[in-house]
Amino acid sequence: MVLRVAVVGSGPAGSCAAEVLAKAGIETYLFERKLDNAKPCGGAIPLCMVAEFDLPPHIIDRQVRQMKMISPSNIEVDIGQTLKPGEYIGMCRREVLDGFLRDRAEKLGAKLINGTVHKLEMPGLNTTDPYVLHYADHSSGSLEGEAKTLKVDLVIGADGANSRVAKAMDAGDYNYAIAFQERIRLPEDKMA
Ligand SMILES: Cc1cc2nc3c(=O)[nH]c(=O)nc-3n(C[C@H](O)[C@H](O)[C@H](O)COP(=O)(O)OP(=O)(O)OC[C@H]3O[C@@H](n4cnc5c(N)ncnc54)[C@H](O)[C@@H]3O)c2cc1C
């Protein structure tokens, strides 16, 4: 039996998850309520993301080499001072980045659904019953959308800060979020 997975939300997290799933031959459904969404975001991405996410050059709108950040308490940080020659901070437009990642996931086999997921029915414990997603399908162009359902074996909630999926699965409230990135520099002689 082929595993069916629904990814709710096609920001960077959702589209990247859908891409990995589709590449693995998993039946993947990628939901996005607003295909031209331009999320309010600074749009700064680290240089390493270009290679790691295999982004084409046109995704970078501006190559920033000098940037001063000033906190509300007037602490200043000159970001550009930490950059080495040839390095830059990539500034992108979110509608461009998100659109690129979403289209790539779709090309690799994820089925893109322009729909708003508004309810998630959870299967009972110790059953193989599916999850049932209730959503408004906007593919005809209507804002209200057509009410539809989809049954899947797994759901990935990538629907942002106010995630309905997280609420449906009673993931709890969080007062803070932790993001981390670990990079280890090996001595040159160990790199080989
Ligand atoms: C003001 C601001 C500035 C920021 N600046 C930066 C920055 O410069 N650099 C940086 O790296 N990060 C920045 N961030 C953080 C960054 O925006 C987030 O970390 C990132 O967008 C999270 O990606 P995501 O894919 O998890 O969620 P999101 O990008 O939030 O994507 C969620 C997607 O799910 C969709 N969705 C939501 N609910 C549903 C539903 N019910 N059904 C269907 N679709 C749904 C939404 O339309 C959206 O497309 C900033 C954030 C803010 C608020």
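Numbering of ligands and ligand atoms starts at 1, following listing order. Below, all heavy atoms of this structure are taken into account, side chains as well, without hydrogens, waters or symmetry copies.
Both the backbone and the side chain of Cys41 come within 4.0 Å of ligand 1, counting heavy atoms alone. The side chain of Asn37, and not its backbone, has at least one atom closer than 4.0 Å to an atom of ligand 1 (non-hydrogen atoms only; side chain from C-beta on). Neither the backbone nor the side chain of His118 has any atom closer than 4.0 Å to an atom of ligand 1 (non-hydrogen atoms only). With a 4.0 Å heavy-atom cut-off, ligand 1 is reached by no atom of Lys34. Residue contacts with ligand 1, taken as heavy atom pairs separated by less than 4.0 Å, do not involve Ala161 at all.
In the vicinity of Gly115, heavy-atom distances shorter than 4.0 Å reach the ligand 1 atoms 42 (N), 43 (C). Applying the 4.0 Å criterion to heavy atoms of Ala158 picks out, from ligand 1, the atoms 32 (C), 33 (C), 34 (O). Counting the atoms of ligand 1 from 1 in the order shown, those under 4.0 Å from a heavy atom of Thr116 are 42 (N).
Looking from atom 16 (C) of ligand 1 to the surrounding protein, the closest heavy atom is Arg94 NH1, 3.8 Å. With hydrogens left out, the protein atom closest to atom 42 (N) of ligand 1 is Val117 N, 3.0 Å, a heavy atom. Among all protein heavy atoms, the one lying closest to atom 18 (C) of ligand 1 is Lys39 CE, 4.2 Å. Here the heavy atom of the protein found nearest to atom 34 (O) of ligand 1 is Gly9 CA, 3.1 Å. Ranking the protein heavy atoms by distance from atom 23 (O) of ligand 1 puts Pro12 CD, 3.8 Å first.
Here's the thing with Ala44: one of its N/O atoms is less than 3.5 angstrom from an N/O atom of ligand 1.
Looking only at distances, a side-chain donor or acceptor of Arg102 sits under 3.5 Å from a matching main-chain atom of Leu35.
With hydrophobic clusters built from ILVMFWY side chains whose heavy atoms lie under 4.5 angstrom apart, Ile45 shares a cluster with Leu47. The cluster map of Ile, Leu, Val, Met, Phe, Trp and Tyr, joined by side-chain heavy atoms under 4.5 Å apart, puts Ile26 and Leu112 in the same cluster. Taken together through direct or relayed side-chain contacts under 4.5 Å among Ile, Leu, Val, Met, Phe, Trp and Tyr, Tyr88 and Met49 form part of one hydrophobic cluster. One hydrophobic cluster holds both Ile89 and Met69 under the rule that ILVMFWY side chains link at heavy-atom gaps under 4.5 Å. Hydrophobic clustering, with ILVMFWY side chains joined whenever heavy atoms are under 4.5 angstrom apart, keeps Phe31 apart from Ile156.
Distances from atom 26 (O) of ligand 1 to the heavy atoms of Gly160, Gly90, Ala13 put Ala13 nearest. With distances taken over non-hydrogen atoms, the option nearest atom 37 (C) of ligand 1 out of Arg33, Glu32, Lys119, Arg102 is Arg33. If you check each of Pro46, Gly42, Pro40 against atom 51 (C) of ligand 1, the one with the closest non-hydrogen atom is Pro40.
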Begin from the C-alpha positions of Ile59 and Val96 and carry the test side-chain contact (heavy atoms from CB on, under 4.5 Å) through to its verdict. CA-CA 7 Å; Ile59 296 297; Val96 176; 4.0 Å; yes

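When distances from atom 4 (C) of ligand 1 to the protein are checked, a heavy atom turns up under 4.0 Å. Protein non-hydrogen atoms do reach within 4.0 Å of atom 31 (O) of ligand 1.
Judged by the 6.0 Å and 45° rule, Lys148 forms no cation-pi pair with Tyr135.
Counting heavy atoms from C-beta on, the side chains of Pro12 and Phe53 never come closer than 4.5 Å.
Applying the 6.0 Å contact sphere to CD1 of Ile70 captures more than 12 heavy atoms from other residues, nucleotides or ligands.
Salt-bridge check for Lys68 with Glu76: passed, with a basic side-chain N closer than 4.0 Å to an acidic carboxylate O. Looking at Asp159 and Arg164, no side-chain N of the basic residue comes within less than 4.0 Å of a carboxylate O on the acidic one, giving no salt bridge.
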